[in-house]
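Single-structure report; data block below.
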Amino acid sequence: MRIGHGVDVHAFDGGPIREAQLRLGGVDIPFERALAGHSDADVVLHAVVDALLGAAALGDIGGMFPSSDERWRDADSRDFLLLAYRRVLDAGFSVSNLDVTIVAERPKLAPHTEAIRESLRRALSVDLGAVSVKAKTTDALGFTGRGEGIAAFAVVLLQ
């Protein structure tokens, strides 16, 4: 058994406040700001990819999908997850369980955690009971509390 831990952080884009595309865990969430990043800036999937690769000792998301490579500009992070998980499976591992924590003051994410769980379950072909997704705030402390961005943490157990 192997344990992996992943972390990702993205700032909100600096553009005008508008109806934007905020994607977390492969789920589109209505919000007036999008996250800035080379790809779609899905902090949840990025943290999960790092946890998977780390648990299998296969490097990290930056090594597999470098932001210096134009192939990954505006990429759908679901592709990152599927490609990374294929490497994990090829190395002889499978997911036993996954636990994700999303830290954001806004938008309120509790109404979306079940959809994110289902998205992750489908991508990893595991039972829903093997995936946990929690949303937390920092009570207005730090960059997430000031509404400057979103952070995600993931822990995975591979067998």
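None of the values given here were measured: they were computed from a predicted structure. Only this structure's heavy atoms are used, side chains among them; waters, hydrogens and symmetry mates stay out.
Arg121 places no side-chain N or O within donor-acceptor distance of the main-chain N or O of Leu128, the cut-off being under 3.5 Å. Side-chain atoms of Arg117 come within 3.5 Å of backbone atoms of Val131 as a donor-acceptor pair (strictly under, hydrogens ignored). With hydrogens and angles ignored, the 3.5 Å screen pairs a side-chain donor or acceptor of Arg78 with a backbone N or O of Gly26. Remark: side-chain polar atoms of His10 are paired, donor with acceptor, to backbone N or O of Ala36 under 3.5 angstrom. A distance-only check finds no donor-acceptor pair linking the side chain of Asp42 to the backbone of Ser77 [under 3.5 Å]. Not one N or O on the side chain of His46 forms a donor-acceptor pair closer than 3.5 Å with the backbone of Asp8. For Tyr85 (side chain) and Val95 (main-chain N/O), a donor-acceptor pair under 3.5 Å exists by modelled atom type. A side-chain donor-acceptor contact under 3.5 Å links Thr138 to the backbone of Gly145. Although no hydrogens or angles enter the test, the distance criterion places a donor-acceptor pair under 3.5 Å between the side chain of Arg33 and the main chain of Asp13.
Contact annotation: the side chain of His5 never approaches that of Val156 to less than 4.5 Å [non-hydrogen atoms, C-beta and beyond]. Between Leu81 and Leu124, some side-chain heavy-atom pair lies under the 4.5 Å cut-off. Glu148 is not listed as a side-chain neighbour of Phe12, based on a closest heavy-atom distance of 4.5 Å or more. Looking at Ser67 and Trp72, their side chains never come closer than 4.5 Å, going by heavy atoms from C-beta outward.
Residue-environment remark: CG (Asp127) stays at or below the threshold of 12 foreign heavy atoms within 6.0 Å. Environment of CG in Leu82: crowded, with over 12 heavy atoms of neighbouring residues, nucleotides or ligands closer than 6.0 Å.
When each of Val88, Asn97, Ile3, Leu89 is paired with Leu158, the side chain to side chain contact (heavy atoms under 4.5 Å, CB included) condition holds for Val88 and for no other. Considering Asp40, Asp28, Ile150 in turn, Ile150 is the only one that fulfils the side chain to side chain contact (heavy atoms under 4.5 Å, CB included) rule with Leu22.
Note that the NE2 atom of His38 and the CZ atom of Arg73 stand 5.0 Å from one another [nearest 0.5 Å]. From Leu157, atom CG reaches atom CG of Leu98 across 10.5 Å, with rounding to the nearest 0.5 Å. Within the model, atoms OG of Ser39 and CZ of Phe65 stand 10.0 Å from one another, a figure rounded to the nearest 0.5 Å. To the nearest 0.5 Å, atoms CG (Leu52) and CG (Asp60) are separated by 12.5 Å. One finds the CD1 atom of Ile61 at 8.5 Å from the CG atom of Leu45 (value rounded to the nearest 0.5 Å). Taking CZ of Arg106 as the reference point, atom CZ of Phe31 lies at 4.0 Å (rounded to 0.5 Å).
Pairs passing the ring-ring contact (aromatic ring centres under 6.0 Å, His included) check and including a residue from residues 124-159, sequence neighbours excluded, do not occur.
There is a side-chain donor-acceptor pair under 3.5 Å between Thr101 and Lys134.
In this structure, Arg23 pairs ionically with Asp76, as a charged nitrogen and a carboxylate oxygen lie closer than 4.0 Å. Of the charged side-chain nitrogens involved, none lies within less than 4.0 Å of a carboxylate oxygen, so that Lys136 and Glu105 do not count as a salt-bridged pair.
Nearest heavy-atom pair across Ser119 and Val27 is CB-CG2, 3.9 Å. Closest of all the heavy-atom pairs between Ala135 and Ala110 is CB-N, 4.2 Å. Of all heavy-atom pairs spanning Ala152 and Val43, the tightest one is CB-O, 3.5 Å.
In the hydrophobic clustering of ILVMFWY residues, with side-chain heavy atoms under 4.5 Å counting as a link, Val44 and Met64 come out together. Residues Val9 and Val100 do not share a hydrophobic cluster, clusters being chains of Ile/Leu/Val/Met/Phe/Trp/Tyr side chains in contact below 4.5 Å. Connection of Val48 to Val155 is not established within any shared hydrophobic cluster, with ILVMFWY side chains joined at heavy-atom distances below 4.5 Å, either directly or through further cluster members. Residues Leu120 and Val103 are members of separate hydrophobic clusters, defined by side-chain heavy-atom contacts under 4.5 angstrom among Ile, Leu, Val, Met, Phe, Trp and Tyr.
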side-chain contact (heavy atoms from CB on, under 4.5 Å) between Asp50 and Val7: does it pass, once the steps are laid out? CA-CA 7 Å; Asp50 259 352; Val7 176; over 6 Å; no

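Applying the salt bridge (Lys or Arg N to Asp or Glu O under 4.0 Å) test to Arg87 and every residue at least two apart in sequence or in another chain returns nothing. Residues satisfying the ring-ring contact (aromatic ring centres under 6.0 Å, His included) test with His112, not counting sequence neighbours, are none.
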